[in-house]
Structure formats: structure tokens, C-alpha cells
Chemist: 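Handing you a structure now.
Reminder, nothing fancy here: chain letters follow the sequence lines and each chain counts from 1.
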Amino acid sequence: MKDLSYNPGSIEKKWQAKWDADQLYRSVIDNSRPKHYALTMLPYPSGDLHIGHWYAMTPSDARARFKRMQGYNVLFPMGFDAFGLPAENAAIKDGVHPMKRTRQNIERMRKQLRSMGAMFDWEREAVSSDPEYYRWTEWFFIQLYKAGLAYRKMSPVDFCPHCNTTLAREQVWGDDRHCERCGTPVIKKDLEQWFFKATQYADELLRFEGIDWPERVKTLQTNWIDRSEGASVIFKTEAGNHDVEIFTTRPDTLWGATFMVFAPEHSLVDEVTSPEQKAAVEEYKVQAARQSDIQRGAVDKEKTGVFTGGYAINPVNGARIPIWIADYVLMSYGTGAIMAVPAHDERDFAFAKKYDLPIIPVILPEGQSEAVVGDEAYIGAGVMVNSGMLDGTPVNTEKGRKNPSIAKIIDWLEEKGVGKESVNYRYRDWLISRQRYWGSPIPMVHCDIHGWNPVPEDQLPVTLPEDVEWKPTGESPLKLHPTWKNTTCPICGGPATRETDTMDTFMCSSWYHLRYLSPHYDKGPFDEEEYNYWMPVDTYTGGIEHATMHLLYTRFFHKAMRDIGITEGHEPMLQLRNQGMVLGEDNEKMSKSRGNVIAPDILVDKYGADTVRAYLMFFARWDMGAPWDSQGIEGSARWIRRVWTLFTDPQNASGSAGTASDETKRNLRRKVHQTLKRVTRDFENFEFNTIVSSLMELMNEMYKAREAGAVGTDEWKEAQEIYLKMMAPVAPHIAEELWVDYMGKPYSIHQQQWPVVDEAAAKEDVIEIPVQINGKVRDRVTVAADASEADIKSAVMASEAVQKHLEGKEPKKVIVVKGKLVSLVV
RNA sequence: GCCGAAGUGGCGGAAUAGGCAGACGCGCACGACUCAAAAUCGUGUUCCCUACGGGAAUGAGGGUUCGAUUCCCUCCUUCGGCACCA
């Protein structure tokens, strides 16, 4: 006797154990089948899987399962991004070693992940903090170094005083320039740090050909890189005849340059400063250095500056123009020096007005007879004036060579050798060094004689020492270790010291999709045979918050490795889809402090994983997300239970089995195939909410068909079979249970082929067509689906309601859209 | 300021070639079952009106069209990103 009540706890445990024992989700190379690499972003092992993980992973899993049923050999791996600050910060508090804590957390999260019933291939699990993993993170660093793409430089870098480490530019967020992780405003520190030359790939990173990524992500990356076309121009200093290179997007306004501004940190400031101005310049420099970037960056701040007493020579006309320093010029963009054209630049205009500097207009606006200095800078189109050889050239608002005036001056500058066409980016090289312990070591050694050199590759990995002291000093705990940093120079064998900073964890996650291919491979970062079969990633799913971080780093990494000869193709991930966010019931972001966190473990205990999965797919558009609704999940729970009842208890139907009319059977079959068509399409398009609603609709139809005596008919059996197959990716446990135990079908439903739509069955044979009169629906007529225009027309004219609304008049126009609608114009 | 996304019932949302707005679900109301409640099942549920009929309605206004949630223009609001970037 079967248990008639739905008991998800025992069903789910039973099948998870069996799938595991049978290695049902093991993915191995199979050249006879097309492959599909479905990747979802790996979690940081915080110790608890939250509802956001479920929201990202279970629909991704459902789609991977769908692809598998479609005949693809699907790889859907999982792992842990296990290095990082939280474990180390916790260690500072309670002394528990990050490795120990991380292992415990992973152990717990593996269990939670298994409770999802996802098709993860655990044999391919990769953990970035394992030496067998970070050995290759180090190895990649060395490959970048050898290719000239990793370098060390002293520069003012962003430092989070709370996390006690430097951050990459991408990890500094918002108006107040706070740390992406902890929210603390960052400060500047002058430090020698390792960088990757990401800017070398700026132009290529702006191209997205051949990848199907959301416009949103492409826009974010494009804005982040912020390519700016213009020219670089060489000015000479009067004192010392030094070259001063400036970048400008408006080289055509060179004749209007009436002064020059250096950033206070510019290297030539001391050279050009006159003895009389020295004191004032020094004072301004000190004051600017004391101000944070935030203060300096305040948009509405009044501009300040100091005259250096020095002059520069304008290369186009030999004009002698004063050099000022001002903090509105930033050392971090362009060359840290600008030519100031107050007539045609708002900032320069404000500065010139304040310090009474000359303003020379060089663009005559359209429709005006004379170029005059107005109340603000003129940045529109017109004709060049006061500009020597450029006079009379039209100016538009285009950037770069698309603007005739800019094209002309660039040619001229290049011919004279005083400037050239140039492109600038806001994008910076990737700062890799972190002053922390719990990260992949940077495998570099410093010797007083031979400088920096990589650790020989056969000596990798450089492993983290276990006996370290946790102190929040702002320096790497590795530096404070008594012996770890002492080593020998790989060139001369003499005494040398190791790099004690560790790598940004985004380095680890830039290649995890490659480690999944062969997580225990020890002859390289991945087994080439696996690479050739599985790569590139076909679908990648995860949050949009990584648009300018992980997703940009990964693209850079792949392109750099392609050029080094390690990877193939131009992009690592062909298709990207982002899920939205599950908010708390109060419509706020979930957080412990708000007390609005929804714990998936509790939901699984109460409803079972299948219901949680179904609700997460159903309750919102996946790419949008929505606030959690703890009453809403009851709807999904009801659906699952009603499906259970429909399959396990067909006898309680009032209609007697097998007595259904031909029409009932035909209608059932039509609904089944129409649903199959929609579900198939929606799975392709990541539209999970309508998959579940279509399945709910079909279930409602099946209940009606059951009442009408459909149970026992061939159509009913087909409906049941197709229903479970469509349901299997969404609710894998109940689908398996009903498939094997109640329908007596061969195990496993997850190895079945996705059903094929019978188009003929899906077709309607009688349709109801709305009739519009002057744009308003006045009646509906029922006609055969393939009725001709003439037939439809006569059916319409026969309608009483139509005749009533026509009031005896002949319609001026009759539009018949076959199979859709009839529109009459009176 | 610049760039992007989004505005549809009380709520989440559907409408995927410009063709019946509100599928599916939540909530709510009423009914059945029950001593009662829960669960379950059934019916109804955009708004307005003089209500077996009619009107309005997809952020606002305009346009194209026989016909617009869908296409075009101008706004408004919300969210996200960037911002003294030369």
C-alpha cells in the first residue's frame, strides 16, 4: 500500500541518495553528443546558504536539466571561492584559523547545496583555497609576469582602513568612495603594488561581438572603461624647455588655450615654479595632499588654484601662457596636466573668471556674427575663428575625427610633430596586491642584486604558513611571520625575500571555470582534452553586481591567456544572464541587522525543496527579482500537492474512467502540446515564471479532463508522461517519485528525452474571433481555425450584435486578420 | 549633468511578429464540507455608471495606424551606474 500523502522530506532524501549513489549527474566527455557548459557563479563559503543563492542556482539548475533532457551532455559544476577577508577577520576576533573555518563552512554549505536537489557534478568541485588550486593561480600570475602583463609600481592606491588592505579601483564604490565589501570610505596610500596591465585590452574589452550578454552589463562595462577620443599635444615649458604632454578632446580649440593647469602632484611642478611663487605653491600642494579624493572630487566645490610663476609655450601660435596648479586637475586621469580653454570649457571658464585669466573665443556659434565671451563657456557647434589655419572650418559636437575641425588639427599636429591623435580611458590597470593572509600568495621573490623574479614553476605552490599571528595591522601577516618570507634568489641562490602580499581573490575567480574541467589535474591548470570538449562556457548565470569586477576581470584574463597561448577563442562565456534580487518582505535588502532574512533551510523543512524551487521560479521575473512573500509560497506548495493528488489518487474523480468524449480527449491533447511548446520556449529564454504558470494551467485542465472521464485513455497517459517530464527540471524529486513509483516508468526521469511538440495536436480547430467596430470589441464569432476570409466575413455579418452596431450602414472598410480578429470601420 | 533599466488591478506578474489587456498565483469575499476551526473543494474578484447594457483604463501628454501595454516624439517618477575625466 502506497503512502497517499505527499511527504517531501522522505521523498527528497531518498532520491538525492539514489542519484548520488548512481552518479546520475556525473559529466564525462562524450564526443557523440553536443556539449553544454552551464555555469553559475560559485559562492563564498560564508557558512550559510541564503535564499539569494537558491534564487540564482535553482533556476540555473532547472535550465541545465532541461538542456540535458534535450540531449546535450551538460556540465553543471559547483565550487567555492574560498579565499577572502571574512574568514581572516573572524580569525582576528576568535583565533580560529581561516583554513579550519573555511573547511567547516564548506562542509556545511555542501550539505545545504545538496538539499536543493541540483544536478551539480560534485566530482568536479574546486575550492580556490586548496593548494592544488592556488598552485595554478600562482602559475597564472607568473605567466602574466613573463608576458609583461604584471608589473610592480609605487603609486597612490585605494586602501580600506577597515579591511586593512588595498583595493582595486573596481572595488571602490559610490559617491563617497567606499569599500565594496564593508562600506568604509577608502583612503589613499602611497604603496608599491603589483598590477596587471588590463588597460592594454581596453579597446578589445569594449567589443562584445559574438557574445550574447545583457545590454545592461555591456553598458556598465563600456561606461566603466570610458573611452575618450582626442589628441595629445606637447607644450614646452619656458624654463628648462621641458616637454609637457597634455590630453584633450578638443585639440581644435588650441588657439583658445590661455593658461595651463597641472595637478598639484605633477612631476614638473617644482621645475616650473618661480622663486617668488614657491611658498604659495608648496602650501597649496600640502593642502591638496591632505584632502581626500572625495573632498577634491566634490562637483560643486569652488575651484581653487595657485599660479606657479612659470609659463608654457603654445605650440600652435607660440603664445606664452601661465602655468597654474589646481586640484580640479587629477593626476589619475590623462597626463595630470591640461591646456585650459576657458571660452569653451565650463571648468576652465569658472577658473578663469575667478582668477581673472584671459578668455579667447575660437568658435563662432551658428547664426552669430561675432565671437564674444558670454556668461558661460560655449560648447556647441559653429565655425572656427581666431585660429590661424583652422579659421573657417566648421565645428560640430562629434568627438574625434568625426568632427571636421578636430580631424584637421590632428593632421596638422601630426605633420608638425607636436601632437598626435590619442585615446584615453578611465579604466585603470588591475591592482592585484592585498595586505592579507588568506589569499593566494604572489609567487615572486626579491633579491638585492637581481630584483624581482618569479619562483621557479617546479617549486609551486608557494604555500601559506599555518602558524601566523592575526593582527589587523594593515600589513600582511605573512610579513610578520618570523621565517616564511626568507628564501633564496632563483637567479643567484643568495638570500632573498618573498612577496608577502597575497592576490586579490578576483584572480582566483577569473579562472575557476577552467579548474572545474579537471580539478585534480596536476600537469597544468586544466586538462587540455577537457578544455577542448567543454569550453567555452555556454551559459553563465549570476548577479549583476559583478559587471565591472568579476565579469570584466574574467574577460581580461581570458584574452591575456589567449595571447599567451593558453586559452582559445576571444571570450570565455558566450551567454550571460543575470538574476535579480530577492528582497525581504519589507521590500528592503535582506540583512541580519534588519531582521528580514528568509532562511532556505527552514523553508525546505516546511515545504520541501521542490516547492521552494518552484516558488523561486514562479514568484517574479527571474531577471528582476521581487520582495519575498511568505503567503505566496503557499500557492506553489498547493500546486505541488495538487499534482501529487492528481497522479496518486485518480480514483476519486466523479467521471468514470475511459468515458471521456472525443472532444475532451482532443482538447486535453491540444492543451498538453500547447503547454509543451510554451514551456520549451520559456526554458530557452530563461523565463521561469511562465513555465510554472503554464504547468499550473495544464494541471487545472487535467483536473477538468479527469472529471470528464479522461483517466485511463491514451490521451491521459500521454498527458501524465509529458507533464512529469516538463515538471522534472523544476521539481526533480516529486517528478522522479511519480514517474518511477506511481507510473511504473523506468528510472530515471532525468535521463528521459524532452518530449517533441505535435504541432497538429497543438493546433486549434475552432477559434473565437473578436469583432471590432471602430476599434471597439462588439462581438465575438466562432469559426473554424482555417476559415477563409470570405467565411469569416459572412460569419461576422450574420452576427446580430454586429448588425445592431452598424445601424444599417455599410462598413467603409473591413479588415480581416486570419485567425486573429476582424475590424470594421464605419 | 551623462549613460542605462523599469513604470500594467490591493500584491507578484501575463500578453514573445502591432490584433480580445489583466493568463497563472497571492490576497480578499461568498458558498460547500465541519459541532467548530484548519486543510480541501467550488464561485466571484481592474475601476466607474442609471448595471443581461454601457463607459474608462497598461506613469502623463501627443503622433503613426482600422487597431498601440507593444512603434515614434515630449515629459514625469523610481531604481542602478558614472561624474571637476580635460
Chemist: Tell me which nucleotide among A83(B), A15(B), A86(B) gets nearest to the side chain of Thr690(A).
Modeler: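 In terms of side-chain proximity for Thr690(A), the closest of A83(B), A15(B), A86(B) is A15(B).
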Chemist: Using the ring of each side chain (for Trp, its six-membered ring), is His546(A) parallel, tilted or perpendicular to His550(A), with breaks at 30° and 60°?
Modeler: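 His546(A) and His550(A): perpendicular rings.
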Chemist: Looking at the side chain of Tyr328(A), which of C84(B), G13(B), G25(B) is the nearest nucleotide?
Modeler: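 Nearest to the side chain of Tyr328(A) among the choices is C84(B).
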Chemist: Over all strands shown, is Glu346(A) touching base, sugar-phosphate only, or nothing at heavy-atom distances under 4.0 angstrom?
Modeler: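 Touches nothing.
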Chemist: Could you pull out all residues at least two apart from Arg250(A) that satisfy side-chain hydrogen bond (donor to acceptor under 3.5 Å, both in side chains)?
Modeler: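 Arg250(A) satisfies side-chain hydrogen bond (donor to acceptor under 3.5 Å, both in side chains) with Asp252(A) once adjacent residues are dropped.
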Chemist: Please tell me if Asn223(A) has a side-chain N or O lying less than 4.0 Å from either OP1 or OP2 of C2(B).
Modeler: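 No, Asn223(A) has no side-chain N/O under 4.0 Å of OP1/OP2 on C2(B).
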Chemist: Taking the side chain of Leu821(A) as its heavy atoms from C-beta onward, which of G19(B), C26(B), A83(B) lies nearest to it?
Modeler: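 Among G19(B), C26(B), A83(B), the one nearest the side chain of Leu821(A) is G19(B).
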Chemist: Give one of base, sugar-phosphate or nothing for Glu697(A), where a contact means two heavy atoms less than 4.0 Å apart.
Modeler: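 Sugar-phosphate, no base atom in range.
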Chemist: Could you check which of A6(B), A23(B), C82(B) has an atom nearest any side-chain atom of Ser693(A)?
Modeler: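 Of A6(B), A23(B), C82(B), A23(B) is nearest to the side chain of Ser693(A).
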Chemist: Side-chain N or O of Lys813(A) less than 4.0 angstrom from OP1 or OP2 on C66(B)?
Modeler: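 It does, given that an N or O in the side chain of Lys813(A) lies less than 4.0 Å from OP1 or OP2 of C66(B).
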Chemist: Base, sugar-phosphate, or nothing: which does Arg778(A) touch, judged by heavy atoms less than 4.0 Å apart?
Modeler: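 Answer is sugar-phosphate: Arg778(A) comes under 4.0 Å of backbone atoms only.
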Chemist: Taking only residues two or more places apart in sequence, or in another chain, which ones meet Asp682(A) in a side-chain hydrogen bond (donor to acceptor under 3.5 Å, both in side chains)?
Modeler: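 If we apply the side-chain hydrogen bond (donor to acceptor under 3.5 Å, both in side chains) test to Asp682(A), skipping adjacent residues, the hits are Thr690(A).
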Chemist: Do Asp623(A) and Arg577(A) sit within salt-bridge range, that is, some charged N less than 4.0 Å from a carboxylate O?
Modeler: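 No.
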Chemist: From the options C24(B), G4(B), A86(B), select the nucleotide whose nearest atom is closest to the side chain of Arg216(A).
Modeler: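 Comparing C24(B), G4(B), A86(B) against the side chain of Arg216(A), the answer is G4(B).
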Chemist: Protein-nucleotides 39-43 of chain B N/O pairs closer than 3.5 Å?
Modeler:
unit_1: U40(B); atom_1: OP1; unit_2: Arg638(A); atom_2: NE; d: 3.3
unit_1: U40(B); atom_1: OP1; unit_2: Arg641(A); atom_2: NH2; d: 3.0
unit_1: C41(B); atom_1: OP1; unit_2: Arg642(A); atom_2: NH1; d: 2.8

Chemist: Students often get this wrong, so: under 4.0 angstrom with heavy atoms, is Asn689(A) touching a base, only sugar-phosphate, or nothing?
Modeler: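 The residue Asn689(A) makes sugar-phosphate contact but no base contact.
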Chemist: Answer yes if the ring centres of Tyr333(A) and Tyr425(A) are under 6.0 angstrom apart, and no otherwise.
Modeler: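 Not close enough - the centres of the two rings lie 6.0 Å or further apart.
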Chemist: What does Asp348(A) touch in the nucleic acid at a heavy-atom separation under 4.0 angstrom: a base, only the sugar-phosphate, or nothing?
Modeler: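 Nothing: the residue Asp348(A), judged by heavy atoms under 4.0 Å, touches no strand.
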Chemist: Base, sugar-phosphate or nothing for Gly625(A)? Non-hydrogen atoms, less than 4.0 Å.
Modeler: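 Gly625(A): backbone/sugar contact only, no base atoms under 4.0 Å.
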Chemist: Say we look at C3(B) and U74(B): how far apart would their P atoms be, to the nearest angstrom?
Modeler: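 Per the computed distance, 12 Å lies between those P atoms.
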Chemist: Would you classify Val825(A) as touching base, sugar-phosphate or nothing, given that sugar-phosphate means primed atoms plus P, OP1 and OP2, and contacts are heavy atoms under 4.0 Å?
Modeler: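 Here Val825(A) touches the backbone only, sparing every base.
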Chemist: Within this structure, what is the NZ-to-C1' distance between Lys399(A) and A86(B), rounded to whole angstrom?
Modeler: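 Whole-Å distance recorded here is 9 Å.
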Chemist: Where the side chain of Ile338(A) is concerned, which of A83(B), C84(B), A86(B) is the nearest nucleotide?
Modeler: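 The listed nucleotide nearest to Ile338(A)'s side chain is A86(B).
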Chemist: Which one is paired to A56(B), where only Watson-Crick or G-U wobble pairs with both distances under 3.5 angstrom count?
Modeler: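 Pairing partner, where one exists within any strand: U46(B).
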Chemist: Which is true for Asp682(A) with a 4.0 Å heavy-atom rule: it touches a base, it touches only sugar-phosphate, or it touches nothing?
Modeler: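 Touches a base.
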Chemist: Where the side chain of Thr219(A) is concerned, which of C3(B), A86(B), G19(B) is the nearest nucleotide?
Modeler: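 Selected nucleotide (nearest to the side chain): C3(B).
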Chemist: For atom P, what is the distance between A68(B) and U78(B), given to the nearest Å?
Modeler: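 Their P atoms lie roughly 30 Å apart.
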Chemist: Mind checking who G80(B) pairs with, Watson-Crick or G-U wobble, both distances under 3.5 Å?
Modeler: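 Pairing partner: C3(B).
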Chemist: Tell me what Leu220(A) touches on the nucleic acid: a base, only sugar-phosphate, or nothing, going by heavy atoms under 4.0 Å.
Modeler: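 The residue Leu220(A) makes sugar-phosphate contact but no base contact.
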Chemist: If you look at every strand shown and take non-hydrogen atoms under 4.0 Å, does Trp639(A) touch a base, only sugar-phosphate, or nothing?
Modeler: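 Nothing: the residue Trp639(A), judged by heavy atoms under 4.0 Å, touches no strand.
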Chemist: Write down the distance between CZ (Phe618(A)) and P (G25(B)), rounded to a whole number of angstrom.
Modeler: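 Rounded to the whole Å, the gap is 7 Å.
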Chemist: Which value, in whole Å, describes the distance between the P atoms of nucleotides C28(B) and A38(B)?
Modeler: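 Per the computed distance, 11 Å lies between those P atoms.
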Chemist: What nucleotide among A86(B), G13(B), C84(B) has an atom nearest to a side-chain atom of Phe247(A)?
Modeler: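 Nearest listed nucleotide: A86(B).
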